[in-house]
Amino acid sequence: MLSLEKILLRNSVINDADLERADAAVETYGGQLEDVLLGQGACSEEDVLVANAELFGVKTYGQWLTENGLQAVTSVPETYELEKKWWEEQQAFPLVELDEVIWIAVTDVKDSFVQTVLSRKTGKVVEAVIILGHELRQLHGLFEETGHDMTMAGDAQSLRDLATGAPIIHFVNDVIQRAVDAKASDIHFESYRGVFRVRIRVDGVMHEIDRPGIAMQPAIVSRLKLMANLDISEKRLPQDGRIRTRVSGKDLDIRVATTPGVAGESLVLRLLDSVDGVSHLVDLDMFEDHLDTTRRLLASSSGIIIVTGPTGSGKTTSLYAFLNELIGDDRKIITVEDPVEYQTSGITQIQVQSEIGLSFASVLRSVLRQDPDIILVGEIRDKETAETAVQAALTGHLVLTTLHTNDAASAFVRLMDMGVESYLLATSVVGVMAQRLVRRSCVHCQAPDTNGAEQAAALGYQGVQEKWSQLLPNSNYSASSGCSNCLETGFAGRRSIFEMFEVDESMRHIIATRPEALAAHLVDSGFRTLKEDGMLRAASGETTIAEVLRVSG
């Protein structure tokens, strides 16, 4: 006889260990098996939906629309004199009446209460389709908000009770699951006047995925705070925390940051894959000349290697790719970060805690007494940290660090603005790399772009391919029209573009005397800029010219 767990096992959604763990929890604490599986992160709401649809012989909302040739519902149909609150409480929605049959959407097909009520009320046949929670919330959002909908108990104990209830737990788990499925980097829970929405950042671009209703905001925020061990009663000050959870049987680290606002608190969740988040050097997929330069820099016994770029440009990922190239039993590696994003075996990692005086500079001074060979400094933010990093480099350590500048050449000017002497930079810095992330063209809807070469020429980049022809013998410009695989954007995934240089003797003289002249010297020496590196990637068909210009300016 078919059962939910048998279908999930057959579909390879869960394994025997997941089922044993869930059964034990049900036996100890009670509850339904599917709720426990969802709560433990063993499977997604969509996995359960598909299994329940098969188990009870019903259609999913998407299947029903397709089979009947209908578009998604965009307005509230006949509600049979039943108010929004009733439909929300019953977790149901009236879809349409076809040939004297009333079709409704429900999240639980085992409960026939709504069908019974409507059948007695109208005397008609009522059929149900099964729908995902977020799809149902979008349908409920079609009702007009009323003043009653905008209220919710706000005392700490009430919020705690709501936040630990199954509906809120399922909602939060579902949002995280959908963000992971979409390969999102961040989840934003945003409060505005009368609006509470959820957006995810995929490939650097924001997409709205849910609008649960302003009444759910306090409970959802409280749920996330409880998961991150934050104070749910503190709404006036920003808070930072961390969530470690399992999603579809996979471990996930999430950084949580709260921000108070006039319309209520907003939260941002940064998703960090604790298993697959760290790349190796070859995974950065540099052109061969950049890869050779990077390996020469990493072979240095001392000096500073700087990676520059704005927030979210992949600097930390690159630094850890460098570390993976350097990790070995013959070297001691220590990192100083705020926060530690990727926990890696074989190295000592220290997290900065400024509130107790554990700053980058103070930790770095302590680290120098630990006899390291290689030091990773998450970011140089002030003069003291910069000078300590220079001192470490000049005393025989290899220092890897990041800096917020627009390009590689500006790194020296930025450090001098902090108060570091130019002659110290000239002797300590061995190389600088700048990077950005451009979106990859979706391979599922990709087609040749016959105007690509002409567009590049019009922008003055017709010589780029010829100048570095050994890196890219043939051009293959492409464009993607958008499809379901890429959220209709034409892009799926991101890759880095780089500019970098190794400091030689002629550069050291310029840095020590006229650092503002370094950019012009680099151009004369055959240096490839970020935009030029991106244009080569566009010519290879990996991205588009418009995307390169969007990112590099």
Side-chain angles (χ1 to χ4, degrees), residues 228-230 238-244 251-257 270-281 298 300-309 311-404 415 418 420 428-430:
N229 294 314
L230 300 178
Q239 298 184 71
D240 294 303
R242 193 164 195 150
I243 297 171
R244 288 180 174 86
D251 291 331
L252 187 71
D253 277 359
I254 304 174
R255 278 166 45 194
V256 181
R270 182 79 182 273
L271 307 183
L272 303 170
D273 192 324
S274 61
V275 177
D276 302 325
V278 182
S279 299
H280 293 274
L281 186 58
L298 295 177
S300 304
S301 58
S302 63
I304 303 176
I305 301 173
I306 302 173
V307 180
T308 77
T311 300
S313 60
K315 300 187 298 297
T316 302
T317 300
S318 292
L319 285 181
Y320 269 89
F322 294 173
L323 283 187
N324 273 331
E325 192 83 355
L326 296 169
I327 289 175
D329 292 337
D330 58 337
R331 296 186 179 101
K332 179 166 184 174
I333 301 175
I334 300 179
T335 76
V336 185
E337 305 169 74
D338 182 20
V340 174
E341 292 193 8
Y342 301 125
Q343 295 187 18
T344 306
S345 59
I347 62 179
T348 302
Q349 297 174 280
I350 304 171
Q351 180 157 321
V352 168
Q353 297 185 60
S354 301
E355 63 274 10
I356 61 171
L358 201 63
S359 65
F360 272 111
S362 62
V363 175
L364 193 50
R365 285 195 300 271
S366 171
V367 163
L368 290 176
R369 295 191 288 272
Q370 298 293 313
D371 189 30
D373 298 293
I374 299 164
I375 305 169
L376 185 151
V377 182
E379 182 185 346
I380 292 181
R381 298 176 179 173
D382 52 49
K383 178 182 179 181
E384 192 177 3
T385 306
E387 288 181 337
T388 309
V390 168
Q391 176 191 349
L394 293 176
T395 53
H397 304 86
L398 181 62
V399 180
L400 311 179
T401 189
T402 72
L403 197 63
H404 283 258
L415 289 168
M418 289 182 185
V420 184
S428 61
V429 178
V430 295

State whether Lys315 and Glu379 are salt-bridged, where the test is any N-O pair (Lys NZ or Arg NE/NH1/NH2 against Asp/Glu carboxylate O) under 4.0 Å. no
Rounded to the nearest 0.5 Å, how far does OG1 of Thr395 lie from CG of Leu368? 6.0 Å
Might you point out which heavy atoms bring Gly303 and Val430 nearest each other, and give the distance in Å? CA-CG1, 3.9 Å
List the atom of Ala392, the atom of Val399, and the distance in Å for their closest heavy-atom pair. CB-CG2, 3.9 Å
What heavy-atom pair brings Ile334 and Pro372 nearest, and what distance separates the two atoms? CD1-CB, 3.9 Å
Under 3.5 Å: donor-acceptor pair, side chain of Asp240, backbone of Ala257: no
Between atom OG of Ser300 and atom CD1 of Ile305, what is the distance when rounded to the nearest 0.5 Å? 5.5 Å
After noting the C-alpha distance and the side-chain angles of Ser302 and Leu398, does the key distance pass the side-chain contact (heavy atoms from CB on, under 4.5 Å) rule? CA-CA 4 Å; Ser302 63; Leu398 181 62; 5.7 Å; no
Pairwise side-chain contact, Glu337 with Gln351, heavy-atom cut-off 4.5 Å (strictly under): no
Taking C-beta and beyond as the side chain, do Thr316 and Val307 meet within less than 4.5 Å on heavy atoms? no
With side-chain contact (heavy atoms from CB on, under 4.5 Å) as the test, would you mind laying out the steps for Ile375 and Leu400 before giving the verdict? CA-CA 6 Å; Ile375 305 169; Leu400 311 179; over 6 Å; no
Do Leu323 and Leu376 make a side-chain contact, defined as non-hydrogen atoms from C-beta onward lying under 4.5 Å apart? yes
Report yes if the side chains of Tyr320 and Ile347 come closer than 4.5 Å at any heavy-atom pair, otherwise no. yes
Electrostatic pair Arg242:Asp253 at N-O distance under 4.0 angstrom: yes
Whether Ser359 side chain and Ser362 backbone form a donor-acceptor pair below 3.5 Å: yes
Is there a side-chain contact (heavy atoms from CB on, under 4.5 Å) between Ile306 and Thr402? Walk through the geometry before answering. CA-CA 5 Å; Ile306 302 173; Thr402 72; over 6 Å; no
Nearest 0.5 Å, what's the CG-CD1 distance between Asn229 and Ile243? 9.0 Å
Might you confirm whether atom CG of Asp330 has over 12 heavy atoms from other residues, nucleotides or ligands at distances under 6.0 Å? yes
Given side chains that start at C-beta, do those of Val352 and Ile350 come closer than 4.5 Å, heavy atoms only? no
Taking all non-hydrogen atoms of both residues, which atom of Ile380 and which atom of Ala386 are closest, and how far apart? CG2-CB, 3.7 Å
Taking the side chain as C-beta and beyond, is there a heavy-atom pair between Thr335 and Thr348 under 4.5 Å? no
Verdict with reasoning, Glu387 to Asp382, per side-chain contact (heavy atoms from CB on, under 4.5 Å): CA-CA 9 Å; Glu387 288 181 337; Asp382 52 49; over 6 Å; no
Looking at every non-hydrogen atom in both residues, tell me the closest pair between Ser428 and Leu394 and how far apart they are. CB-CD2, 4.0 Å
N/O donor-acceptor pair under 3.5 Å between Glu325 side chain and His280 backbone: no
Donor-acceptor check, side chain of Glu384 to backbone of Ala361, threshold 3.5 angstrom: yes or no? no
Taking the side chain as everything from C-beta on, heavy atoms only, tell me whether Thr401 gets closer than 4.5 Å to Ile304. yes
For the residue pair Leu298 and Leu326, establish whether any side-chain heavy-atom pair is separated by less than 4.5 Å. yes
Answer with yes or no whether the side chains of Thr388 and Thr385 bring together a donor and an acceptor at under 3.5 Å. no
